[in-house]
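Note sheet for the following structure.
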Amino acid sequence: MTTAPPVPPPATGVRATARIHAVADGRGGTALPLLAGEGPLALRRTRGREAEAGVVLVGAMSAPLGGDHLTVRATAGPGARLALASAAATLALPGRAGEPARYDVELDLEEGASVRWLPEQLVSVRGSDLRVRTRVRLAPTARLLLREEQVLGRHGEPPGLLRSRLTVTRGGRPLLDQELACGPGAPGGWDGPAGLAGHRAVGQLLVVDPAFAQDPPPAAVLGECAVATPLAGPAVLVTALAGDALRLREVLDAACRAYHR
């Protein structure tokens, strides 16, 4: 007598994927042959700068809640230029069953492509559990501007658990792989002097530009709680802490003006 394999419990939460594909249109601009969103991930085309195609991610419902799995996938073909943004901050909210939520971002840039990924802040709400994973794959001649901003709790509240990982490869070789964990349940010391030191907003700006191979930016202190670190490749990473989202944005905007050409 054989025993049937156990039936896995039904998935809870929302599963949704937004898909974007940008290609050079042959006339000096960029076309979007694929622009498709699901559930809470609605996409709207906007006017980009010069040859860019602009896309804004519009939250059509409250998400991510515990148990949700949201994914944004964007591909920029050879010579395409794409600007990606979000219309509002993303709030990580607790679910009914206490399950973690997942938010994945996958960016693929082919030869000569350029992508700006500049979403609004991610706010870790009390009681939430969110795992963010961003993967970027770059061809050697691609250019990238990427900003991440995390705010720990709304005004006057403690944060939820937030785990965020950013992995970037260039020409198939690792360029950056780092992880941040903070909030209840994170490894000890995340809020200590060697961690966030009491700050409630943390962010980074990554600029990858082949021009840096000839003129690499130097390491620099950009303020009391911000540094620029050249990477082993044509890239620079700016990391910043701040007391609130407004001050964090000011620091990263200044870094963008300094390093993004």
Can you find a pair of side-chain heavy atoms, one from [X] and one from [Y], that are under 4.5 Å apart?
X	Y	answer
L122	V132	yes
L241	L196	yes
T90	P119	no
D108	E110	no
V55	L32	yes
P234	R170	yes
V23	P33	yes
V14	H69	no

[X] and [Y]: which non-hydrogen atoms are nearest, and at how many Å?
X	Y	answer
S128	P94	CB-N, 3.8 Å
A87	V56	N-CG1, 3.6 Å
V115	A76	CG2-CB, 3.7 Å
A80	A24	CB-N, 3.8 Å

Is a side-chain N or O of [X] found less than 3.5 angstrom from the main chain of [Y], in a donor-acceptor match?
X	Y	answer
T30	R81	yes
E38	T17	yes
D209	F212	no
D68	G13	no

Rounded distance (nearest 0.5 Å) linking atom [atom1] of [X] with atom [atom2] of [Y]:
X	Y	atom1	atom2	value
H260	D253	NE2	CG	12.5 Å
L206	T134	CG	OG1	11.0 Å
R163	R102	CZ	CZ	11.5 Å
R200	R154	CZ	CZ	15.0 Å
L252	R257	CG	CZ	11.0 Å
T75	H21	OG1	NE2	6.5 Å

Using a strict threshold of under 4.0 Å (side-chain N to carboxylate O), is an ion pair present between [Y] and [X]?
X	Y	value
D104	R73	no
D177	R135	no
R116	E52	yes

Step-by-step side chain to side chain contact (heavy atoms under 4.5 Å, CB included) determination, L43 to L57:
CA-CA 5 Å; L43 300 174; L57 187 65; 3.4 Å; yes
Indicate, with yes or no, if [Y] and [X] share a hydrophobic cluster defined by side-chain heavy-atom contacts under 4.5 Å among Ile, Leu, Val, Met, Phe, Trp and Tyr.
X	Y	value
L237	L109	yes
L166	V227	no
V105	V207	no
L70	L107	yes
L41	I20	yes

Hydrogens and angles aside, do [X] and [Y] bring a side-chain donor and acceptor to less than 3.5 Å of each other?
X	Y	value
Q204	Q178	yes
S86	E120	no
E106	T71	no

Given T167 and R133, is the side-chain hydrogen bond (donor to acceptor under 3.5 Å, both in side chains) satisfied, shown in steps?
CA-CA 8 Å; T167 305; R133 181 69 187 266; 3.3 Å; yes
Apply side-chain hydrogen bond (donor to acceptor under 3.5 Å, both in side chains) to E179 and S164, showing your working.
CA-CA 6 Å; E179 188 168 0; S164 176; over 6 Å; no
State whether the number of non-hydrogen atoms from other residues, nucleotides or ligands found under 6.0 Å of R249 atom CZ is greater than 12.
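Yes.
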Checking A255 now: which residues fulfil side chain to side chain contact (heavy atoms under 4.5 Å, CB included) with it, not counting sequence neighbours?
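A255 satisfies side chain to side chain contact (heavy atoms under 4.5 Å, CB included) with L205, L222, V238, Y259 only.
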So, applying side chain to side chain contact (heavy atoms under 4.5 Å, CB included) with L91, which one of L65, L130, V123 is it?
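Result: among L65, L130, V123, V123 is the only option passing the side chain to side chain contact (heavy atoms under 4.5 Å, CB included) with L91.
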